[in-house]
Amino acid sequence: MNRVLFFISMVFALCSCAVQRATTDEEFVRDVQKDLPFKVNELKAVSGHDNTYSFRSDGYIGLLPDYEVDSEGACMIYQTTFAPTHYTQPSNIIWRNIVINRKAKRVLCIDRLIQNGRTFGYVYVLQSETARYGDSGTFHWDVSDPKLLLNVSDAIEGMSELSVETLNTLTK
């Protein structure tokens, strides 16, 4: 009888851990979605790409970008001292926005593409470890620290290959 009770309690303990983990992952995705400067229906994790989420919009998202990325992956500042040359997104260019949430120690790189007048894209998340998300037993660096801007830039450049591959597929 004791073995049966022990087994049942272990099953309940394992199930509650799985539910807690799923809830934490869902909370993380909801928090990331709140950081986006525009509304999306949902974020979906991209299989095989850590910390990458895809999104789709029912229409065109007209938010002006911070950067433009071409089909070769070259990143250009969108607006400098001169006015931008266009205010609607061309279908052969990725529009990129960077969002920094210092409180959550999170940086989002949002790449938007256009297909048939609709916006879709990817959100690449760099998240410093926090008590709420992350493994406190590993080495980490604060992605929201301005002194580590070059490290963040290198990480984003390595993560955004999926956007460039998708753009090249669309334009062929």
Side-chain angles (χ1 to χ4, degrees), residues 17 19-70 73-84 86-89 93-114 119-167:
C17 289
V19 169
Q20 180 61 35
R21 178 69 182 154
T23 302
T24 302
D25 289 344
E26 290 168 4
E27 284 179 31
F28 177 75
V29 171
R30 276 196 303 271
D31 284 350
V32 168
Q33 192 167 352
K34 286 178 191 173
D35 285 346
L36 295 176
F38 50 82
K39 297 287 183 204
V40 297
N41 296 337
E42 70 176 326
L43 293 177
K44 293 183 181 179
V46 177
S47 176
H49 296 273
D50 291 336
N51 302 319
T52 302
Y53 300 87
S54 65
F55 68 88
R56 290 198 172 276
S57 170
D58 294 333
Y60 176 74
I61 297 173
L63 175 72
L64 292 178
D66 300 319
Y67 304 93
E68 289 184 328
V69 180
D70 67 14
C75 186
M76 300 146 293
I77 297 173
Y78 178 72
Q79 189 169 353
T80 58
T81 54
F82 303 104
H86 49 273
Y87 290 96
T88 57
Q89 182 176 0
I93 296 288
I94 298 167
W95 272 11
R96 174 174 287 171
N97 292 90
I98 304 294
V99 175
I100 300 171
N101 182 332
R102 292 194 66 150
K103 183 177 178 184
K105 298 195 180 300
R106 179 171 40 241
V107 174
L108 305 181
C109 175
I110 307 161
D111 284 355
R112 293 178 285 146
L113 300 110
I114 295 291
T119 303
F120 73 100
Y122 302 100
V123 178
Y124 305 98
V125 181
L126 295 176
Q127 175 78 46
S128 298
E129 293 170 358
T130 67
R132 206 163 162 200
Y133 314 113
D135 179 9
S136 61
T138 61
F139 173 76
H140 71 278
W141 49 284
D142 181 359
V143 298
S144 63
D145 185 346
K147 292 178 277 188
L148 301 174
L149 185 63
L150 290 176
N151 297 38
V152 171
S153 172
D154 288 344
I156 288 172
E157 185 178 353
M159 295 172 84
S160 60
E161 292 173 358
L162 181 60
S163 299
V164 175
E165 288 173 19
T166 304
L167 177 64

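Across every non-hydrogen atom of G73 and V164, the tightest pair is CA-CG2, 3.8 Å. Between V69 and C75 the shortest heavy-atom distance is CG2-SG, 4.2 Å. Listed here is the closest heavy atom pair of W95 and G62: CZ3-O, 4.5 Å. The two atoms that bring V99 and I110 nearest to each other are CG2-CD1, 3.8 Å, heavy atoms only.
Surrounding CZ of F120 are more than 12 heavy atoms belonging to other residues, nucleotides or ligands, all under 6.0 Å away.
The closest donor-acceptor contact from the side chain of Q89 to the backbone of I93 lies under 3.5 Å. A side-chain donor-acceptor contact under 3.5 Å links S128 to the backbone of V143. A donor-acceptor contact shorter than 3.5 Å links the side chain of T52 to the backbone of D50. Using modelled atom types, one side-chain atom of R112 and one backbone atom of I61 make a donor-acceptor pair closer than 3.5 Å. Side chain of Q127 to main chain of A104: a donor-acceptor pair is present (N/O by atom type, distance under 3.5 Å, no hydrogens or angles). Using a distance-only test at 3.5 Å, with no hydrogens or angles considered, no donor-acceptor pair links the side chain of D145 to the main chain of K105. Side-chain N or O atoms of N101 include none that pairs as donor or acceptor with a backbone N or O of R106 at under 3.5 Å.
Atom-to-atom distance recorded for D25:CG and R30:CZ is 11.0 Å, nearest 0.5 angstrom. From T88, atom OG1 reaches atom CD1 of I114 across 8.5 Å, with rounding to the nearest 0.5 Å. Going from atom NZ of K39 over to atom CD of Q33 covers 8.0 Å, rounded to the nearest 0.5 Å. Interatomic distance, CG of D111 versus OH of Y67, reported as 12.0 Å (0.5 Å rounding). Once rounded to the nearest 0.5 Å, the distance linking CG of L167 with CG of L162 reads 11.5 Å.
Looking at heavy atoms from C-beta onward, V46 lies out of side-chain contact with Y53 at the 4.5 angstrom threshold. Counting heavy atoms from C-beta on, the side chains of R102 and P146 come closer than 4.5 Å.
Relative orientation of the Y124 and Y122 rings is tilted, given thresholds of 30° and 60° on the angle between their planes.
When each of I156, N51, I100 is checked for a side chain to side chain contact (heavy atoms under 4.5 Å, CB included) with L126, only I156 meets the rule.
No donor-acceptor contact under 3.5 angstrom links the side chains of S163 and R96, judged on distance only.
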- Stepwise side chain to side chain contact (heavy atoms under 4.5 Å, CB included) test for F38 and T119: CA-CA 11 Å; F38 50 82; T119 303; over 6 Å; no

- side chain to side chain contact (heavy atoms under 4.5 Å, CB included) assessment of D58 paired with N41: CA-CA 9 Å; D58 294 333; N41 296 337; 3.8 Å; yes

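Partners of Y60 under the ring-ring contact (aromatic ring centres under 6.0 Å, His included) rule, at least two apart in sequence or in another chain, do not exist in this structure.
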